[in-house]
> 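I'd like to ask you about the structure that follows.
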Protein chains: 2
Amino acid sequence: MSASRRDHLVETATGLFERDGFHATGIDHILAVSGVAKMTLYNHFKSKEELIIAVLDFRDRQFMAWLRAQVERSANSPEDRLLAIFDALESWFRTDTFNGCLFLGATLEYADRDHPIHVQAAIHKRHVFDYIMSLAEQTIGLDARLLSQQFLVLYDGAISVAHTLGAPIAARQARRAAEAILDAQG
Amino acid sequence: MSASRRDHLVETATGLFERDGFHATGIDHILAVSGVAKMTLYNHFKSKEELIIAVLDFRDRQFMAWLRAQVERSANSPEDRLLAIFDALESWFRTDTFNGCLFLGATLEYADRDHPIHVQAAIHKRHVFDYIMSLAEQTIGLDARLLSQQFLVLYDGAISVAHTLGAPIAARQARRAAEAILDAQG
DNA sequence: GTGCTCCTATACCAATCTGTCTGGTTACGA
DNA sequence: TCGTAACCAGACAGATTGGTATAGGAGCAC
């Protein structure tokens, strides 16, 4: 067992939360799947809520690293990279573990905007926005802020449509919309 | 009590599910808030799942009627109406009961695509798409299908961003993106 | 060896979950 | 007035929830 028990727990819980949601996934189920003892969990996390926050933090780092790598491998100019985000989305949608956005799910299940889980989930969306923004700022002649806000809408919309309708092609439609926005501004 | 007990139950449950989610809202809580007896509920619905499906059906009809009325009151040409959808969204986002998309939440909490609840929730998204499509088809010179798909992405994206980041302004950004798409096609 | 830390295993707790059962009340129509 | 249908109130069942308590095993440093 190379990874620590804590990491193993977080990774297992991530998969289960992503598949079934937060309330629907019980502590006992996470323990059974991960093969970890209950007291070990409560030794590392003082509550389920704290575990969820750790999961959101882990998934944020993991996903952002994956997204950056995917984008930077397939495109070089900032403009192409902005569009490559949607190509990355499509390949994510086509994995068989895709089940919508874990973070959006967290904000829906813990809707109170001050709830620690909601706050933690919102941080991820900020990270996505910041990444888009960093690419937009490298492209001269753009209203970087407006464009980033619009791209974030396309980004989240593609995820939602792909999930609710089971239509990975939503990513391509979002990309074409993004191209139209770029053309209108550039 | 003018409305039937059944209707009263469905409307109360809609509000609670919208605020707290499905798994987090217990039957007993719905009964306490609505002031209905447990056996009355189980007389009308054979399970919580059946109640949820009734809620999704009710909310679909209610929301679509509201959206149509809002759009048709504020714009006359099909093209203006396509854009007025996003104005309607913004006024929805600014209500103090706005809590993201109930239907998207349903598909996340019941992720299995064959689950009756997931199926029922997806129907609503189809209805939104069909409405957009009906407007797009009245506007000549458009690839109605592609445009509708892109608008649906903007529609869902605006809801998601508005909810996760608490930013009703996402609707206006979506509208500007929609204008760019229209300009590019028209 | 002794102690310390991390882990397992299992029993347990109180609360809550969905759903059932019983028995009584209210309203209304024939 | 009688019957019936809808509803209420509350107890109850069985499973599951998040979380705690207890006892002991395994690996490692001194």
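Proteins come first, then strands; the chains are lettered A, B, ... in the order of their sequence lines, and each starts at number 1. Since we're looking at a predicted model, the values are computed, not measured.
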> Heavy-atom count check: over 12 atoms from other residues, nucleotides or ligands less than 6.0 Å from R94(A) CZ?
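Yes, CZ of R94(A) has more than 12 neighbouring heavy atoms, counting only those of other groups under 6.0 Å.
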
> Under 6.0 Å from the six-membered ring centre of F103(A) and within 45° of its axis: does the NZ or CZ of R59(A) meet both?
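No, a cation-pi geometry is absent between R59(A) and F103(A).
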
> Please report, rounded to the nearest Å, how far the P atom of dG19(D) is from the CG atom of N43(A).
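Computing the N43(A):CG to dG19(D):P distance gives 15 Å.
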
> Can you tabulate the close N/O pairs, meaning under 3.5 Å, that link protein atoms to atoms of nucleotides 19-22 of chain C?
| from | atom 1 | to | atom 2 | distance (Å) |
| --- | --- | --- | --- | --- |
| dG19(C) | OP2 | Y42(B) | OH | 3.0 |
| dG19(C) | OP2 | K48(B) | N | 2.7 |
| dG19(C) | N7 | K38(B) | NZ | 3.0 |
| dG19(C) | O6 | K38(B) | NZ | 2.5 |

> With heavy atoms under 4.0 Å as the rule, sort H29(A) into base, sugar-phosphate or nothing.
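H29(A): no heavy atom of the nucleic acid under 4.0 Å.
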
> Between E109(A) and F22(A) (side chain of the first, backbone of the second, donor and acceptor by atom type, cut-off under 3.5 Å), is there such a pair?
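Looks like yes, one N/O pair under 3.5 Å.
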
> Atom CZ of F45(A) to atom P of dT20(D): distance rounded to whole Å?
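Rounding to the nearest Å, CZ of F45(A) and P of dT20(D) are 15 Å apart.
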
> Return the value, rounded to whole Å, for the distance between atom CG of L9(A) and atom P of dC6(C).
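To the nearest whole Å, that distance equals 15 Å.
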
> Please report the shortest heavy-atom distance between S34(B) and L9(B), naming the atom on each side.
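What the structure gives for the nearest pair is OG-CD1, 3.5 Å.
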
> Tell me: CZ of F22(B) to P of dC17(C), nearest whole Å?
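About 16 Å, once rounded to whole Å.
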
> Phosphate oxygens OP1/OP2 of dC7(C): is one of them under 4.0 Å from a side-chain N or O of H44(A)?
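Yes, H44(A) has a side-chain N/O under 4.0 Å of OP1/OP2 on dC7(C).
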
> Return yes when atom CZ of R145(A) has more than 12 non-hydrogen atoms of other residues, nucleotides or ligands closer than 6.0 Å, and no otherwise.
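12 or below, so no.
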
> Without decimals, in angstroms, what is the distance between L41(B) CG and dT18(C) P?
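Rounding to the nearest Å, CG of L41(B) and P of dT18(C) are 10 Å apart.
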
> For dA6(D), does either OP1 or OP2 sit under 4.0 Å from a side-chain N or O belonging to T40(B)?
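So the side chain of T40(B) is outside the cut-off, no N or O lying under 4.0 Å from OP1 or OP2 of dA6(D).
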
> Under 4.0 Å between any heavy atoms, over every strand shown, what does H23(B) touch: base, sugar-phosphate, or nothing? Just pick one.
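Answer is nothing: H23(B) stays at 4.0 Å or more from every strand.
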
> Counting only heavy atoms from other residues, nucleotides and ligands, does the tally under 6.0 Å from CZ of R61(A) exceed 12?
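No.
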
> Has R5(A) got a side-chain N or O lying under 4.0 Å from the OP1 or OP2 atom of dT8(C)?
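Checking R5(A) against dT8(C): at least one side-chain N or O falls below 4.0 Å of OP1 or OP2.
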
> Rounded off to whole Å, could you give me the CG-to-P distance for the L51(B) and dC17(C) pair?
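These atoms are roughly 15 Å apart.
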
> Give a yes or no on whether R68(A) atom CZ has more than 12 heavy-atom contacts from other residues, nucleotides or ligands under 6.0 Å away.
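Correct, the count exceeds 12.
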
